[in-house]
Amino acid sequence: MELVVLGSGTIAPHEDRTASAYWVTTGDVRLLLDCGPGMMHRAATFGVPWQDASHIAISHFHLDHWGELPALLFAMRWGIEPARSRPLTLIGPPGFHRRFTLLAEPLGEWILEPGYPLAVTEIESGTSLMLDDDIALEAQTTPHTDESLAYAVRDKHVRFVYTADTGPSDALAEWAADCSLLLAECSLPDERAIDIHLTPSRAGRLGRAARAERLVLTHFYPVFGDANPGEIAAREFGRPVTVAHDGDRFSVGE
């Protein structure tokens, strides 16, 4: 399984970090986790074949996590040659189908029938969805918004967990237990902690409680400046912690 970080930032503009987007490949699955603004241009920069996505999973409805989805669907029809013909599956929390359907009013009916087969599926916390014969997407609620979900991608060999946006959660740590790689949000410095986001220390504690084999931090607001959140998180995690940057690639389980 391979992970490519397309966006390690937030909605706050930053010269080196764009909004949330993560490309996961395993077997025949090409999964985009979240689709924040700037994702397509980052994919083009880093040589990621965005047009080959088989699934797109949205964690919640804040714009920095799904704001570029309409543009991506449009580009798959009009931005490549030949235009896409194979099916695409969109996945999101409860309420996703209704919100997605409502986009047709301002954007046009094309978004519901973009010129290739499009399926819109909802996933609930505590359930899983088979993406392929041996590859599952699992979901777990997080304390961020009412609908927010963390996702895990599990194949025959490894389990990768993406917290998406979350505050501290014992339930999330238990659900993520023994994962091969934990990609944890780390929005704010410890001194600016709020209930619905993680800080370096909180992310480190989450990684330790989950007994993650590897901890990678992402989703940074610019307030970090030149500080190294990985060093702070490592004190709680007990091992070195990686700070993600746009374009980083990780082999999950290695």
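Note that the structure is a prediction, hence the values are computed from the model and not measured. Positions are given from 1 along the sequence.
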Rounded distance [0.5 Å steps], [atom1] in [X] versus [atom2] in [Y]:
{"X": "L118", "Y": "I56", "atom1": "CG", "atom2": "CD1", "value": "8.5 Å"}
{"X": "R205", "Y": "E236", "atom1": "CZ", "atom2": "CD", "value": "4.5 Å"}
{"X": "C186", "Y": "R202", "atom1": "SG", "atom2": "CZ", "value": "10.5 Å"}
{"X": "T218", "Y": "R17", "atom1": "OG1", "atom2": "CZ", "value": "7.0 Å"}
{"X": "M1", "Y": "L181", "atom1": "CE", "atom2": "CG", "value": "10.0 Å"}
{"X": "L149", "Y": "E124", "atom1": "CG", "atom2": "CD", "value": "9.5 Å"}

Examine the side chains of [X] and [Y] and answer whether a donor and an acceptor come within less than 3.5 Å of each other.
{"X": "H65", "Y": "D165", "result": "yes"}
{"X": "T166", "Y": "H144", "result": "no"}
{"X": "S59", "Y": "Y162", "result": "no"}

Which heavy atom of [X] sits nearest to which heavy atom of [Y], and what is that distance?
{"X": "S201", "Y": "D190", "answer": "OG-OD2, 2.6 Å"}
{"X": "P13", "Y": "P222", "answer": "O-CG, 3.9 Å"}
{"X": "S20", "Y": "H219", "answer": "OG-CD2, 3.0 Å"}
{"X": "L182", "Y": "G207", "answer": "CD2-CA, 3.7 Å"}
{"X": "R42", "Y": "L6", "answer": "CG-O, 3.2 Å"}
{"X": "A75", "Y": "M40", "answer": "CB-SD, 3.7 Å"}

Once side chain to side chain contact (heavy atoms under 4.5 Å, CB included) is applied, do any residues pair with R159, and if so which ones, sequence neighbours excluded?
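If we apply the side chain to side chain contact (heavy atoms under 4.5 Å, CB included) test to R159, skipping adjacent residues, the hits are E138, A152, R154, V161, W175.
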May I ask whether [X] and [Y] are part of the same hydrophobic cluster, defined by side-chain heavy atoms of I, L, V, M, F, W, Y residues being less than 4.5 angstrom apart, directly or through others?
{"X": "V158", "Y": "V5", "value": "yes"}
{"X": "I91", "Y": "Y116", "value": "no"}
{"X": "V153", "Y": "L90", "value": "no"}
{"X": "L32", "Y": "V24", "value": "no"}
{"X": "L107", "Y": "L102", "value": "no"}

Taking [Y]'s backbone N and O only, do any of them form a donor-acceptor pair with [X]'s side chain (distance below 3.5 Å, no angle check)?
{"X": "S125", "Y": "T141", "value": "yes"}
{"X": "Q140", "Y": "A150", "value": "no"}
{"X": "R84", "Y": "E81", "value": "no"}
{"X": "R192", "Y": "S187", "value": "no"}
{"X": "E185", "Y": "L198", "value": "yes"}
{"X": "D132", "Y": "D134", "value": "no"}

Excluding sequence neighbours, so at least two apart, what forms ring-ring contact (aromatic ring centres under 6.0 Å, His included) with [X]?
{"X": "F237", "value": "none"}
{"X": "F224", "value": "F220"}
{"X": "Y151", "value": "none"}
{"X": "F61", "value": "W66"}

[X], [atom1] atom: more than 12 neighbouring heavy atoms under 6.0 Å:
{"X": "E105", "atom1": "CD", "answer": "no"}
{"X": "E174", "atom1": "CD", "answer": "no"}
{"X": "W110", "atom1": "CH2", "answer": "yes"}
{"X": "D16", "atom1": "CG", "answer": "yes"}
{"X": "D52", "atom1": "CG", "answer": "yes"}
{"X": "R249", "atom1": "CZ", "answer": "yes"}
{"X": "D178", "atom1": "CG", "answer": "yes"}

Using the side chain to side chain contact (heavy atoms under 4.5 Å, CB included) rule, take L183 and L33 through it: C-alpha gap first, then chi angles, then the decisive distance, then the call.
CA-CA 11 Å; L183 181 65; L33 288 171; over 6 Å; no
Hey, does [Y] have a side-chain heavy atom less than 4.5 Å from the side chain of [X]?
{"X": "I58", "Y": "D34", "value": "yes"}
{"X": "V223", "Y": "P189", "value": "yes"}
{"X": "F160", "Y": "T26", "value": "no"}
{"X": "H14", "Y": "Y221", "value": "no"}
{"X": "D195", "Y": "P143", "value": "no"}
{"X": "L73", "Y": "L88", "value": "yes"}
{"X": "T163", "Y": "T142", "value": "no"}

Report the hydrophobic cluster partners of I232, with the cluster defined as I, L, V, M, F, W, Y residues connected by side-chain heavy atoms closer than 4.5 angstrom, directly or transitively.
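Taking Ile, Leu, Val, Met, Phe, Trp and Tyr as members, I232 stands alone, with no cluster partners.
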If you apply the rule side chain to side chain contact (heavy atoms under 4.5 Å, CB included), what do you find for D155 with V29, and how did you get there?
CA-CA 10 Å; D155 63 18; V29 169; over 6 Å; no
Working note: M76 + W50, criterion side chain to side chain contact (heavy atoms under 4.5 Å, CB included); need CA distance, chi angles, decisive distance, verdict.
CA-CA 9 Å; M76 286 181 171; W50 54 270; 4.0 Å; yes
Checking F100 against I111 for the side chain to side chain contact (heavy atoms under 4.5 Å, CB included) test, could you report, in this order, the C-alpha distance in whole Å, the side-chain angles of both residues, the deciding distance, and whether it holds?
CA-CA 9 Å; F100 180 75; I111 198 166; 3.8 Å; yes
